[in-house]
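Here is the structure we will look at, set down as structure tokens.
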Amino acid sequence: MILDEELLGSLTDAQRRAVTHIDGPMLVIAGPGSGKTRVITHRVAYLIRRGVKPYHILAITFTNKAAQEMRNRLTNLHIPPGATICTFHSLAARLLREFSDKAGVGPDFSIYDDADQKAAMRAVLKSCELDTQSNPPGRMLEKISNFKNNLVTPDNLAGEEPEFITKILAGIYRRYQEYLAENNALDFDDLLMKLAFLLRDDAQLRDRLNNRYQYVLVDEYQDTNHCQYQIARGLALNHSNLFVTGDPDQSIYGWRGADIHNILAFEKDYPETGVVRLEQNFRSTPEVLEAADQVIRVNIKRKVKDLLSTRTSGAPCELLHYSSEYSEADGMVRWIKQLLEAGLNYRDMAVFYRVNSMSRVLEEALRLGHIPYQIVRGLEFYHRREIKDMLAYLRILVNPADQVSLVRIINRPTRGIGTTTLNRLLDHSQNTHVTIWQVLSDLEQVGSLGVSARAKVKKFVDLINKLHTYLEKPVAEIMRKTYELSGLEAIHKAECHEEAQANVKELISGAQRYDQETEHPTLSDHLQQISLISDADAYDMEAGSVSLMTLHAAKGLEFPGVLIVGVEDGLIPHTRSLMERQDVEEERRLLFVGMTRAKDRLALSYAGSRSFQGSTSVQILSQFVRGIPGLDHKRGYYDDLDYDSDGTESMDDDYPDETYDFAVGQLVRHPQLGPGRIMEIIPLRKGPKAIVQFQSGLRRTLALKYANLEPYDPYDY
DNA sequence: GGACTCTTGGTTTTT
DNA sequence: CCAAGAGTCC
């Protein structure tokens, strides 16, 4: 224990209490910039120094990137390796692979991404003779995803609701699951669901895993969904050494099934819980925190928490106003140059936006301004055609049952196998209940096939068989051979498609890195890892460039200078969250997360007009920011359109500085009408009126002055 | 069987 | 406005 001081010396009392907590459940409510990552890392280090074997520790992070970083930090602390540090999804993939017999899948299962899922769903709808017009695959999948996130199986569903629509959906869900099983494939949600079921139903396996992972740590617990909740619970059932950290104010994945109640109710779920609050913020200036607090404080569903900056006063936060997204983009370039002059490096700056589509205009401006930048979108690479083609070939090598991948490349490059031939093969497979690969291997059985078609298919089968012989080689080598022998390389060369060649090269060097870093590299394992890569994983801290990313991807990062663009109604909060999900609070949290990434300089910008899907619409400043004090409201410089013809400013007339006691989206109680939610606030000269949607279904417009509304909180803490 | 054009639809966030 | 899917023509 002599070593402890060296490890703990730099920590605050609260951090130290969290790090040194030994047995039993522990909840760390950690505000932004409170050193949460540090606490988790140090805790892992502390446990190991106390004699806990590294392989008894499981730390679950939100992204692969975060896992990688934690591993690096531990190495820097001279902690011996061996702890399992990964995301929920990679953990699930790993365990399902290890216990594939119990999970009812082949160990080399494919992991289907969005596009694969859609292809699978199309095939299912086709086999059910349903058209994709009235049954959009995307919507079906969204519903199915929700079911899976809540551990609802087709069987549960069939019994539950007798409604016609649900019945059809249950049938499709069932067929979809069967189809995936036939393909030896799992989608993202399956990974979690299968593991959760395994932990629930197989006590022997659960005990074994409880024994293996005696200390379980979960980061970003506020963004866990029901599946993940059950997995965490199952893993810690016997020892209760469950250590979770999170911040309810930073829960931004509700739309994906994340349930903020998991963290809010942790103390109830685990009565023995020790709780530590980390409220000091070491990251941001008081100015940044004050602005961020103004945004978040309006939320109802939260535990009130002060953000206490440990830093001295800095620059005021700016609010920049432009006429259009183009002048906003120019403004961004000027903002970057200003910060550069003030002594920051490009890598110290980041620009966040609500939707990916906003990056285009920004990119153009950056290129024009000769500013180095990186767009943090790791998935983009894997969505490219040439990469998907390569991966489809590789998947078939390890998982011949994978029809989705097979269909993708059986005629790519074109080898004369058209839709007719393909359909004959698929039909035969389905009618005789023989896997597609067996059908291909025994073409004589398919009577409907002509001689020439048969020869062409045979050639394809020979190709795959040939590639099979390389399967024991290093992964990079298999890829090289695949690229060459499949003919993909030839068509890329013939088409002078240099970008495609470069991308495949990049894919191969990724494999090379994997080969070197991994103890027992296999193609199958590498493919599964690739499937679980996320956008955020692409962020390169070392690069000397300005980072551009969505607000979601910004989670967990920090930058000396942050600019958030498009702070407008309709974007933050997004129109769709206002319409459908009634979850305006999550949008508020999203902006809060973005703002609290800033260490020293924070700027928000908005444009008076923005073109969107071809048409231009008038935009106004986000309701989240309207009227909050402490923001230095400026027009974008050089932005002629922002000035009236006489040169005077008129902005204050457009956006009254009024502050309301109530906000859109807020839950309120009316003395007579009961609980409801504020849908809209209309500023009038006589005072603001609110449109309130009551729980009873009634919708009324009330003058706030007279309505006697009071804040309503359905959740008691 | 394959390449090309036309149409339609879609508003976000992602493991 | 732009991409994916459907339809059309060779």
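Computed over heavy atoms, backbone and side chain alike; hydrogens, waters and symmetry mates excluded. Labels below follow one simple rule: chain letters A, B, ... track the order of the sequence lines, proteins then strands, and each chain is numbered from 1.
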Whole angstrom value for the distance that separates [atom2] of [N] from [atom1] of [X]:
X        : N      : atom1 : atom2 : result
A:Asp114 : B:dT14 : CG    : P     : 11 Å
A:Glu586 : B:dT14 : CD    : P     : 12 Å
A:Tyr382 : B:dT15 : OH    : P     : 13 Å
A:Lys118 : C:dA3  : NZ    : P     : 15 Å
A:Lys555 : B:dT13 : NZ    : C1'   : 12 Å
A:Asn149 : B:dT15 : CG    : C1'   : 10 Å
A:Phe612 : C:dC2  : CZ    : P     : 13 Å
A:Leu425 : B:dG1  : CG    : P     : 11 Å

Interatomic distance, A:Asp108 atom CG to A:Leu523 atom CG [nearest 0.5 angstrom]
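Interatomic distance, A:Asp108 CG to A:Leu523 CG, rounded to 0.5 Å: 8.5 Å.
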From CZ (A:Arg454) to CD1 (A:Ile417), nearest 0.5 Å
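Output value for this atom pair is 13.0 Å.
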Of A:Arg415 and A:Leu590, the one whose closest nucleotide on DNA chain B sits nearer the 5' end is A:Arg415
Identify, between A:Ser357 and A:Lys456, the residue whose nearest nucleotide on DNA chain B lies closer to the 5' end.
A:Lys456
Whether A:Asn225 contacts B:dT15 is assessed here as follows: a side-chain N or O lying under 4.0 Å from the phosphate OP1 or OP2. Is that the case?
no
Could you say whether the aromatic ring of A:Trp255 and the base of B:dT12 stack, counting only centre distances under 5.5 Å and plane angles under 30°?
no
Ring-base stacking, A:His574 with B:dT12 (5.5 Å, 30° cut-offs):
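Stacking between A:His574 and B:dT12: present.
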Give one of base, sugar-phosphate or nothing for [X], where a contact means two heavy atoms less than 4.0 Å apart.
X        : answer
A:Arg122 : sugar-phosphate
A:Gly570 : nothing
A:Asp113 : nothing
A:Thr421 : sugar-phosphate
A:Asn356 : sugar-phosphate

Of all the nucleotides listed ([options]), which has the minimum atom distance to the side chain of [X]?
X        : options                : result
A:Arg576 : B:dG2, B:dT11, B:dT13  : B:dT11
A:Arg256 : C:dA3, B:dT13, B:dT15  : B:dT15
A:Val355 : B:dT14, B:dT12, B:dT15 : B:dT12
A:Arg354 : B:dT12, C:dA3, B:dT14  : B:dT12

Might you point out which heavy atoms bring A:Val562 and A:Phe352 nearest each other, and give the distance in Å?
CG1-CE1, 3.5 Å
Taking salt bridge (charged side-chain N to carboxylate O under 4.0 Å, His left out) as the test, write out the residues that go with A:Arg412, two or more places apart.
A:Asp389
Salt bridge between A:Arg302 and A:Glu585, side-chain N to carboxylate O under 4.0 Å?
no
Charged N to carboxylate O below 4.0 Å: is that the case for A:Glu364 and A:Arg360?
no
Separation of the P atoms in C:dA4 and B:dT13, to the nearest angstrom
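It comes out at 15 Å once rounded to the nearest Å.
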